[in-house]
Amino acid sequence: MIDEEYRRQNRAAWDRLSDGSQFAHRATDEECLDPIKTLDGRGWLPKSVAGMDVLCLASGGGWQSILYAAAGARVTVVDLSEGMLSLDEREAARRRLSVKTIHASMDDLSMLQDQSFDIVHQPVSTCYVPDLLRVYSEIARVCRDGGVYISQHKQPTSAQITHRNERNHFVIGIEYYHEGPLPRTEDTSYRERGAVEYLHRWDELVGGLCRSGFVIEDLREPRRADPKAPVEHFGYRGRFIPPYVRMKARRLPRTTQPDPRTPQIWIP
Ligand SMILES: C[S@@+](CC[C@H](N)C(=O)[O-])C[C@H]1O[C@@H](n2cnc3c(N)ncnc32)[C@H](O)[C@@H]1O
């Protein structure tokens, strides 16, 4: 697959999903009453983000951007899908909020200046690009020293599942070291129709983040297990394989850049 092909296919897939899918859920009036709490039940964000520069990366759809803007931040949204970005624009205009939208891919943020953001917030989306380190290095470049990077990703084991056997056991049909786009699978619980996806290993997800100039301050596995869910439901699947990982990382000051060959401890 040529370099641009995954972008073309994913743009088309997400333009379709911008039309009424669960990912195109705009922030409600109630959510906007306490936007920081809505965005962040874990206390990862500062009490106030007013006046901060926030990059909502691959988060088109009118949820994250609107909440940050409602909390007084200066918001930029970067997304591959014009359909998703139009939802941010429409919702911002309706609420008289200011949100800047940029149509671009997360692995090329060359239109953004070095050290221009205090917070980078990225929902599940790194699975749509082949080279995670390229994304991390772009985020490290645009993030200010001490800035926060909040991200959520698909777990590799979840990406390895291809189908269920006759006893409803989940079958790992894709190798951990699989390179290139993931093959289409029968089990589409955590895959988006028409999208090209890639498996990112723990070495890249967690180690890559540390090697890119961040320290990880917290890591969570959002619980999607539902003990009452029928076997064909994604809540049943979540009892066996956690689909996501969420991380809070902080940009190391450039003066204390780690040597990627040596483990570092940084005391803030
Ligand atoms: C799971 S949705 C997240 C958006 C949504 N606001 C949410 O949290 O539910 C993933 C987003 O990633 C975007 N995306 C996919 N590939 C991308 C890329 N290469 N660069 C930037 N955005 C991308 C999609 O257009 C989509 O808006």
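Remember, it's 1-based here, ligands and their atoms both numbered in the order they're listed. A quick note: this is a predicted structure, and the numbers were derived from the prediction, not measured.
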Is a donor on one side and an acceptor on the other found under 3.5 Å between the side chain of Asp79 and the backbone of Met84?
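Checked: no pair found.
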*Side-chain donor or acceptor of Arg144 paired with backbone N/O of Ser116 under 3.5 Å*: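 Yes; at least one donor-acceptor contact below 3.5 Å.
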**Asked** Are any non-hydrogen side-chain atoms of Pro183 and Ile174 less than 4.5 angstrom apart?
**Response**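 With C-beta onward as the side chain, the pair touches.
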message = With a 4.5 Å cut-off on side-chain heavy atoms, are His178 and Gln160 touching?
response =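 No, side chains not in contact.
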Once you restrict to heavy atoms under 4.0 Å, what part of [X] touches ligand 1? Side chain, backbone, both or neither.
X	value
Ser125	side chain
Met106	both
Trp14	side chain
Ala195	neither
Ser105	both

### Task
Just say parallel, tilted or perpendicular for the rings of Tyr198 and His200, cut-offs at 30° and 60°.
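Correct class here is parallel.
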For atom 12 (O) of ligand 1, the option (of Gly62, Ala24, Gly61, Ala58) bearing the nearest heavy atom =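 Heavy atom nearest to atom 12 (O) of ligand 1 belongs to Ala58.
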Inset, instruction - Check each of Leu80, Val196, Val129, Thr126 against atom 23 (C) of ligand 1 and report the one with the nearest heavy atom. - result: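 Among Leu80, Val196, Val129, Thr126, the closest heavy atom to atom 23 (C) of ligand 1 belongs to Leu80.
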Item to complete: Evaluate the salt bridge (Lys or Arg N to Asp or Glu O under 4.0 Å) criterion for residues Lys154 and Glu192: first the C-alpha distance (whole Å), next the side-chain angles of each, then the deciding distance (0.1 Å), finally the verdict.
Response: CA-CA 12 Å; Lys154 292 191 181 176; Glu192 282 68 52; 2.9 Å; yes
So which protein heavy atom does [atom] come closest to, and at what separation?
atom	answer
atom 15 (C) of ligand 1	Tyr128 CD1, 3.6 Å
atom 4 (C) of ligand 1	Gly60 O, 3.3 Å
atom 27 (O) of ligand 1	Asp79 OD2, 2.7 Å

By number and element, which atoms of ligand 1 are closer than 4.0 Å to a non-hydrogen atom of [X]?
X	answer
Ala104	20 (N), 21 (C)
Phe23	1 (C), 5 (C), 6 (N), 9 (O)
Ser81	25 (O)
Val124	1 (C), 10 (C)

If you group Ile, Leu, Val, Met, Phe, Trp and Tyr by side-chain heavy-atom gaps below 4.5 Å, do [X] and [Y] land in one group?
X	Y	answer
Val120	Leu45	no
Val54	Trp63	yes
Leu133	Trp202	yes

Look at ligand 1 and say whether Gln64 reaches it with a heavy atom at a distance under 4.0 Å.
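Gln64 counts as a contact of ligand 1 under the 4.0 Å cut-off.
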_Salt bridge check, Arg251 against Asp145: does any charged N sit closer than 4.0 Å to a carboxylate O?_
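No, this pair does not count.
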